[in-house]
Amino acid sequence: MSRCYALVDCNSFYASCERLFRPDLRQRPVIVLSNNDGCVVSLSREAKDLGIPMGVPYHQIRDWAQQQGVAVFSSNYALYGDLSNRVMRTLEQLAPRIEIYSIDEAFADLGGMQRWDLTQWGRQVRQTVLRHCGLPVCVGIAPTKTLAKLANHVAKGQRAQGGGVIVWQQAAQWQPQLAQTEVEAIWGIGRRLGRQLRLLQIDSAADLAAAHLPTLRKQFSVSVERIARELNGVACLGYAQMPAARAQILCSRSFGRRLTQQQDLAEALCHFACQAAEKLRAQQQRCRELTIFIRTHPFAASGQTPRPAYANQAAWRFLEPTADSRDLMQACHALLASIWRPGYQYLKAGVILRDFYAAGSFQPELFVQAPPRPRSAELMQVIDRINRRGGAPIRFAGQGLDPQWQMRREHLSPAYTTDWRQLPLVTLGPCAATLMRRSPATENPVP
DNA sequence: TCTGGGGTCCTAGGACCC
DNA sequence: TCTGGGGTCCTAGGACCC
């Protein structure tokens with residue numbers, strides 16, 4: 001049976017989320033910043049039209065953006081994560097099965113639905129998600145994931161004409177588009193590969209589709225060969241309904257300000273370790289390896305006022321797999337002591353967990369068994385349950401009481417959908433409903 | 001002063017084994 | 001004249017994605 005994939009992708013996802021509870025921003029340019037208010041990572045249509053580039057450091061455009069009346073937001077992952085869930089639950093009702101690919105997009109498996117009016121199906125998806133979640137999406141449908149991605153990209157460009165849905169079932173439908181698509185615009189071809197492909201006169205998606213497959217594999221990799229096949233309608237990328245358990249878990253942050261004390265770094269690392277442990281337990285696993293890394297500013301040595309730069313990492317192997325936050329924190333302390341160097345201004349640190357085992361699946365060596373922590377699993381379970389409920393979380397003293405490394409989020413919007421205290425208020429006027437929200441500072445409703 | 005965080009997949013090369 | 005070869009496993013690093 002031939003395959004058929006739909007890619008459903010939210011338009012300007014973070015910016016759209018911010019706008020959802022701020023109808024006053026509906027026609028205004030909106031941008032969302034990365035952690036620490038570093039770079040621009042999401043732009044509304046109006047902000048793109050102003051020419052703000054994706055990924056630009058915010059400080060480079062701050063004053064200008066203010067003059068242009070751009071609404072600026074810090075990343076609010078509590079809000080985006082919750083709205084993403086609502087979108088995915090909605091899609092599950094509209095498709096036989098979906099594969100969640102990222103926070104704002106999902107593939108739907110439409111195999112067996114080829115005789116349907118797929119354009120009509122795509123329109124229904126757009127309408128339903130808009131009605132249930134208030135978020136605009138575009139839909140691309142094609143026989144392979146790579147083509148569905150491209151169809152979605154085209155649909156985004158055409159949505160002004162009332163479209164937003166592109167369906168390709170025959171090669172004649174997608175071939176004209178391949179000729180117009182730059183090779184770097186293909187899913188899986190980045191800047192580096194693009195440059196190398198262009199050296200071989202492969203400039204467009206059509207060129208890649210027509211390229212000699214064994215040469216592609218030899219000169220690049222099997223991944224590039226697969227992309228070329230997919231552009232010809234031959235599905236190489238399978239469908240994964242269940243998200244595979246993560247093979248590694250990484251928790252890291254750039255700090256809101258530089259850290260110079262070992263104790264502050266230790267607290268940050270312990271905090272990341274506890275976050276990572278929570279994710280590990282959520283996927284019912286234990287890990288045998290923990291890596292920490294610390295580093296100064298990457299541009300420290302080359303900046304205007306050069307500072308000494310330092311980066312290092314170290315790994316710990318547990319005798320037996322563990323998911324106990326206390327084991328991970330102990331390892332963090334030991335590892336930090338081995339790579340800590342005084343006299344540097346540290347900007348970033350992180351914890352990586354690897355080498356996972358399901359509980360009970362590990363054969364310990366006969367004579368080297370770690371002394372078990374009594375009732376470890378039960379304790380962690382209770383902590384996770386309490387922390388999932390929201391409100392004040394349970395934390396370990398090692399995470400610190402007054403973190404010195406909190407990130408900068410000067411433009412954070414309320415947690416409209418995940419915190420009772422920040423719920424938006426709606427007051428009904430004589431003619432129209434006006435959306436209100438509480439000001440966190442005063443608890444008074446403000447428009 | 002100011003440049004994110006969290007992932008995956010693939011390959012090359014070294015260690016080790018028989 | 002001339003030092004085996006083939007296989008597996010692991011890790012580091014590169015490239016990509018959102």
Side-chain angles (χ1 to χ4, degrees), chain A residues 7 9-14 31-43 53-63 65 72 74-77 80-81 84 99-107 145-146 149 152-153 183-197 216-227 236-238 240 243-258 272 275-276 279-280 283 288-289 291 293 295-300 302-305 307 313 315 317 345 347-356 407-410:
Chain A
L7 179 70
D9 190 319
C10 300
N11 305 341
S12 307
F13 181 57
Y14 296 172
I31 61 173
V32 179
L33 308 178
S34 63
N35 286 339
N36 278 313
D37 296 342
C39 306
V40 176
V41 292
S42 180
L43 305 95
M54 180 70 145
V56 67
Y58 175 52
H59 69 90
Q60 288 178 8
I61 61 157
R62 182 166 34 212
D63 296 342
V72 181
S74 304
S75 291
N76 182 346
Y77 290 105
Y80 314 148
S84 169
E99 174 192 339
I100 298 171
Y101 177 67
S102 75
I103 193 166
D104 73 333
E105 60 190 308
F107 288 102
K145 283 182 163 180
T146 305
K149 268 301 251 201
N152 187 289
H153 181 73
V183 73
E184 299 85 0
I186 305 167
W187 186 41
I189 305 294
R191 259 215 312 266
R192 288 291 264 272
L193 282 173
R195 212 160 44 217
Q196 294 170 30
L197 286 164
L216 287 181
R217 180 188 286 238
K218 193 150 176 286
Q219 295 219 0
F220 300 96
S221 70
V222 65
S223 319
V224 177
E225 183 194 350
R226 273 187 206 133
I227 292 169
C236 302
L237 302 175
R246 303 252 166 272
Q248 72 173 42
I249 293 172
L250 183 147
C251 289
S252 76
R253 280 285 178 284
S254 295
F255 308 130
R257 60 185 192 78
R258 309 285 194 275
F272 302 147
Q275 282 186 322
K279 293 185 194 177
L280 183 64
Q283 62 177 39
R288 261 202 97 187
E289 191 182 299
T291 301
F293 65 87
R295 66 168 172 77
T296 57
H297 198 289
F299 313 135
S302 59
Q304 282 188 336
T305 46
R307 294 205 174 80
Q313 59 175 35
R317 269 192 87 71
Q345 300 193 338
L347 178 78
K348 183 174 179 178
V351 168
I352 307 169
L353 307 183
R354 292 198 190 95
D355 202 5
F356 296 158
M407 60 178 169
R408 251 195 327 276
R409 295 208 283 186
E410 288 172 5

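Just so you know, these numbers use all the heavy atoms, side chains as well, and skip hydrogens, waters and symmetry mates. What you see is a predicted model, and the numbers here were worked out from it, not measured in a lab. Below, chain A is the first sequence line, B the second, and so on; all start at residue 1.
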What is the separation between atom [atom1] on [X] and atom [atom2] on [N], rounded to the nearest whole Å?
{"X": "Phe107(A)", "N": "dT8(B)", "atom1": "CZ", "atom2": "P", "value": "16 Å"}
{"X": "Leu347(A)", "N": "dC2(B)", "atom1": "CG", "atom2": "C1'", "value": "11 Å"}
{"X": "Ile249(A)", "N": "dG5(B)", "atom1": "CD1", "atom2": "C1'", "value": "15 Å"}
{"X": "His153(A)", "N": "dC18(C)", "atom1": "NE2", "atom2": "C1'", "value": "15 Å"}
{"X": "Met54(A)", "N": "dC18(C)", "atom1": "CE", "atom2": "C1'", "value": "8 Å"}
{"X": "Asn35(A)", "N": "dT3(B)", "atom1": "CG", "atom2": "P", "value": "12 Å"}
{"X": "Tyr80(A)", "N": "dG6(B)", "atom1": "OH", "atom2": "C1'", "value": "16 Å"}
{"X": "Leu33(A)", "N": "dG5(B)", "atom1": "CG", "atom2": "C1'", "value": "15 Å"}

Fill in: Val222(A): side-chain contact (heavy atoms from CB on, under 4.5 Å) partners, not counting sequence neighbours
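By the side-chain contact (heavy atoms from CB on, under 4.5 Å) rule, Val222(A) matches Arg217(A), Glu225(A), Arg226(A).
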Practice prompt. Please list, chain by chain and in numerical order, all residues satisfying side-chain contact (heavy atoms from CB on, under 4.5 Å) with Pro57(A), sequence neighbours excluded.
Written response: His59(A), Gln60(A)
N/O (side chain, [X]) to phosphate O (OP1/OP2, [N]) under 4.0 Å:
{"X": "Ser252(A)", "N": "dG6(B)", "result": "yes"}
{"X": "Arg253(A)", "N": "dG6(B)", "result": "yes"}
{"X": "Ser254(A)", "N": "dG5(B)", "result": "yes"}
{"X": "His297(A)", "N": "dT3(B)", "result": "yes"}

Item to complete: Give, for atom CG of Leu347(A) and atom CG of Asn36(A), the distance between the pair rounded to the nearest 0.5 Å.
Response: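 CG of Asn36(A) is found 7.5 Å from CG of Leu347(A).
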Worksheet item: Roughly how far apart are Asn152(A) CG and Asn11(A) CG, rounded to 0.5 Å?
Response: 8.0 Å
Worksheet entry | Gap in Å between the two C1' atoms, one belonging to dG4(C) and one to dC17(B), rounded | 14 Å
Discussion item. Applying a 4.0 Å non-hydrogen cut-off, can you work out what Asp104(A) is touching in the nucleic acid: base, sugar-phosphate, or nothing?
Written reply: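 Sugar-phosphate, backbone atoms only, no base.
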Worksheet item: Base, sugar-phosphate, or nothing: which does Arg62(A) touch, judged by heavy atoms less than 4.0 Å apart?
Response: base
Worksheet item: Do Asp104(A) and Ser84(A) come close enough that some side-chain heavy atom pair is under 4.5 Å?
Response: no
By salt bridge (Lys or Arg N to Asp or Glu O under 4.0 Å), which residues pair with [X], not counting sequence neighbours?
{"X": "Arg192(A)", "answer": "none"}
{"X": "Glu289(A)", "answer": "Arg317(A), Arg354(A)"}
{"X": "Glu105(A)", "answer": "Lys149(A)"}

Fill in: Residues which pass side chain to side chain donor-acceptor pair (under 3.5 Å) with Asp9(A), listed by chain and number, not counting sequence neighbours
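In terms of side chain to side chain donor-acceptor pair (under 3.5 Å), with neighbours along the sequence ignored, Asp9(A) is linked to Lys156(A).
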Item to complete: Go through the structure and list residues passing side chain to side chain donor-acceptor pair (under 3.5 Å) with Ser74(A), not counting sequence neighbours.
Response: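 With sequence neighbours excluded, Ser74(A) shows a side chain to side chain donor-acceptor pair (under 3.5 Å) to Asp37(A), given in chain and number order.
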With the criterion being N/O to N/O and under 3.5 Å, what pairs connect the protein with nucleotides 13-17 of chain C, and how long is each?
from	atom 1	to	atom 2	distance (Å)
dA15(C)	OP1	Arg192(A)	NH2	3.3
dA15(C)	OP2	Arg192(A)	NH1	3.3
dA15(C)	OP2	Arg192(A)	NH2	2.8
dC16(C)	OP1	Gly190(A)	N	3.2
dC16(C)	OP1	Gly190(A)	O	3.4
dC16(C)	OP1	Arg192(A)	N	3.3
dC16(C)	OP1	Leu193(A)	N	2.5
dC16(C)	OP2	Arg192(A)	N	3.3
dC16(C)	O3'	Gly188(A)	O	3.4
dC17(C)	OP1	Gly188(A)	N	2.9
dC17(C)	OP1	Ile189(A)	N	3.3
dC17(C)	OP1	Ile189(A)	O	3.3
dC17(C)	O3'	Trp187(A)	NE1	3.4

Fill in: Partner set under ring pair (Phe, Tyr, Trp, His ring centres under 6.0 Å) for Tyr101(A), not counting sequence neighbours
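Tyr101(A) satisfies ring pair (Phe, Tyr, Trp, His ring centres under 6.0 Å) with Phe107(A), Trp187(A) once adjacent residues are dropped.
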Worksheet entry | Test ring pair (Phe, Tyr, Trp, His ring centres under 6.0 Å) applied to Tyr80(A) - qualifying residues, sequence neighbours left out |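 Per chain and number, Tyr80(A) pairs via ring pair (Phe, Tyr, Trp, His ring centres under 6.0 Å) with Tyr14(A), Tyr77(A).
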Distances for protein N or O near nucleotides 9-11 of chain B N or O, under 3.5 Å:
from	atom 1	to	atom 2	distance (Å)
dC10(B)	OP1	Arg226(A)	NH1	2.6
dC10(B)	OP1	Arg226(A)	NH2	3.2
dT11(B)	OP1	Val222(A)	N	3.4

Discussion item. Can you list every stem that DNA chain B is part of, counting only runs of 3 or more consecutive Watson-Crick or G-U wobble pairs with both distances under 3.5 Å?
Written reply: B:5-18 with C:5-18
Worksheet item: Toward the 5' end of DNA chain B, which comes first, Gln248(A) or Gly55(A), by nearest nucleotide?
Response: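 Nearer the 5' end of the strand: Gly55(A).
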